[in-house]
2 protein chains.
Amino acid sequence: MYIEIDFNSDEALYLQLRNQIIIGIATSQFQEGDALPSVRQLADTIGINMHTVNKAYSVLKQEGFVKVDRRKGAVIAIDIDKMQAIEDLKRDMQVLLAKSSCKQISREEVHALIDEIYESYENEG
Amino acid sequence: MYIEIDFNSDEALYLQLRNQIIIGIATSQFQEGDALPSVRQLADTIGINMHTVNKAYSVLKQEGFVKVDRRKGAVIAIDIDKMQAIEDLKRDMQVLLAKSSCKQISREEVHALIDEIYESYENEG
DNA sequence: GCAGTGTGCTACAATTTATATAACAGCCGG
DNA sequence: CCGGCTGTTATATAAATTGTAGCACACTGC
């Protein structure tokens with residue numbers, strides 16, 4: 001499992017961590033039932049504070065990507081609230097596509113990008 | 001011109017404002033050369049501070065959506081750095097689609113959503 | 001019991017966000 | 001030239017967020 005944190009990024013550490021793990025799930029590096037490293041262990045590995053990792057895990061729990069087992073720590077367990085997920089996607093996509101549209105990125109180019117990213121998920125599974 | 005700010009949102013005011021304006025450009029409510037309200041005027045209209053509006057305008061300027069004319073204020077002027085725009089889109093899309101993929105949203109559903117949003121832009125133009 | 005687990009709490013510094021005043025330089029119409 | 005409009009800059013303040021730090025607790029597996 002490779003998690004890369006960019007300490008020069010303006011994105012919060014716990015969000016970078018959250019995103020990396022979500023991408024890890026999408027690319028099947030993490031699978032349903034897999035245990036994530038303990039907050040202390042991962043914090044040590046990355047070189048950040050325990051609470052920062054804990055915050056990332058808490059967000060992932062709240063967003064329905066992991067469940068917490070006191071014996072195993074954080075375990076990948078995806079709660080599929082598709083209605084909610086679509087609503088979230090719609091809201092985020094709105095701004096993203098508005099930007100793209102302004103910058104003359106065509107609908108076809110976006111479709112191609114979607115395919116490219118989706119295929120990268122399927123292949124690494 | 002309608003700009004709606006949600007004071008209960010956890011999204012920063014200046015970012016909401018930025019997003020609304022970008023969507024406004026995409027939907028042709030604002031067109032190339034149009035002047036945005038002055039920072040003071042818009043701040044008054046919305047009921048927020050002048051500097052918050054100024055920050056939104058500054059971000060829009062840096063992102064290449066407006067240029068600033070001291071006589072006319074902020075003017076819609078899109079600087080098309082397509083390479084940059086695609087790179088940005090790719091990075092943002094990565095996390096968004098990872099989330100969607102985990103939540104069992106199919107590639108086709110994403111495509112449909114893209115079309116839906118893009119069409120809403122073209123129709124209101 | 002011991003080591004490891006998540007969780008809770010407090011505290012602190014740095015940064016971001018938003019507000020509030022105030023002032024400045026440039027431009028325009030009267 | 002003057003008054004009013006523009007963006008811009010500076011300073012100050014309050015609140016929230018971010019990240020670190022240390023400590024303690026309850027639970028679990030060996």
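Below, read A as the first sequence line, B as the second, and so on, with proteins coming before strands; counting in each chain starts at 1.
- Rounding to whole angstrom units, CD of residue B:Gln62 and P of D:dT8 are separated by 13 Å.
- At most 12 non-hydrogen atoms from other residues, nucleotides or ligands lie less than 6.0 angstrom from CD of B:Glu4.
- Between A:Cys102 and B:Ile22, the closest heavy-atom pair is SG-O, 3.9 Å.
- Checking side-chain atoms of B:Ser101 against main-chain N and O of B:Leu97 turns up no donor-acceptor pair under 3.5 Å.
- Within a 6.0 Å sphere centred on CD of A:Gln62, heavy atoms belonging to other residues, nucleotides or ligands number 12 at most.
- Among the nucleotides D:dG7, C:dT19, C:dT17, the one closest to the side chain of B:Tyr14 is C:dT17.
- Counting all heavy atoms, side chain and backbone alike, A:Glu63 lies closest to B:Lys103 at O-NZ, 2.8 Å.
- Going from atom OH of A:Tyr57 over to atom C1' of C:dT5 covers 12 Å, rounded to whole Å.
- Spacing between atom CG of B:Asp44 and atom P of C:dA20 amounts to 11 Å, rounded to whole angstrom units.
- Between A:Thr27 and A:Tyr121, the shortest heavy-atom distance links the atoms CG2-CD2, 3.7 Å.
- Linking ILVMFWY residues whenever their side-chain heavy atoms come closer than 4.5 Å, directly or via other members, leaves A:Tyr118 and A:Ile23 in distinct clusters.
- When all heavy atoms of A:Gln29 and A:Asp34 are compared, the pair lying nearest together is O-OD2, 4.2 Å.
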Set out, line by line, the N/O atom pairs under 3.5 Å between protein and nucleotides 8-12 of chain C.
{"unit_1": "C:dG8", "atom_1": "O6", "unit_2": "A:His51", "atom_2": "NE2", "d": "3.1"}
{"unit_1": "C:dC9", "atom_1": "N4", "unit_2": "A:His51", "atom_2": "NE2", "d": "2.9"}

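- A salt bridge links B:Lys82 and A:Glu109; the closest N-O separation between the charged side-chain nitrogens and carboxylate oxygens is under 4.0 Å.
- The CG atom of B:Leu13 sits 12 Å away from the P atom of C:dA20 (whole-angstrom rounding).
- In this structure, of C:dG6, C:dT19, D:dG7, it is D:dG7 that holds the atom nearest to the side chain of B:Val68.
- We find that CG of A:Asn49 is positioned 16 Å from P of C:dA13, with the value rounded to whole Å.
- Side-chain proximity of A:Ala12 to the nucleotides D:dG19, C:dT7, D:dT8 is greatest for D:dG19.
- The side chain of B:Thr52 contributes an N or O atom lying less than 4.0 Å from OP1 or OP2 of C:dT19.
- Put simply, the side chain of B:Arg40 and the base of D:dT8 share a donor and an acceptor less than 3.5 Å apart.
- The separation between A:Asp10 atom CG and D:dT18 atom P is 12 Å, rounded to whole Å.
- Between the CD atom of B:Glu11 and the P atom of C:dT16 there is a distance of 17 Å, given to the nearest Å.
- Within the 4.0 angstrom heavy-atom criterion, no nucleotide atom of any strand lies near A:Lys67.
- The two atoms that bring A:Ile46 and A:Phe7 nearest to each other are O-CZ, 4.1 Å, heavy atoms only.
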For nucleotides 26-30 of chain C, which of its nitrogen or oxygen atoms have a protein nitrogen or oxygen under 3.5 Å away, and what is each distance?
{"unit_1": "C:dC28", "atom_1": "OP1", "unit_2": "B:Arg71", "atom_2": "NH1", "d": "3.3"}

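- Using a 4.0 Å cut-off, some side-chain N or O of A:Lys55 falls inside it from OP1 or OP2 of D:dT18.
- For the pair A:Phe7 CZ and D:dG19 P, the interatomic distance rounds to 10 Å; values are reported in whole Å.
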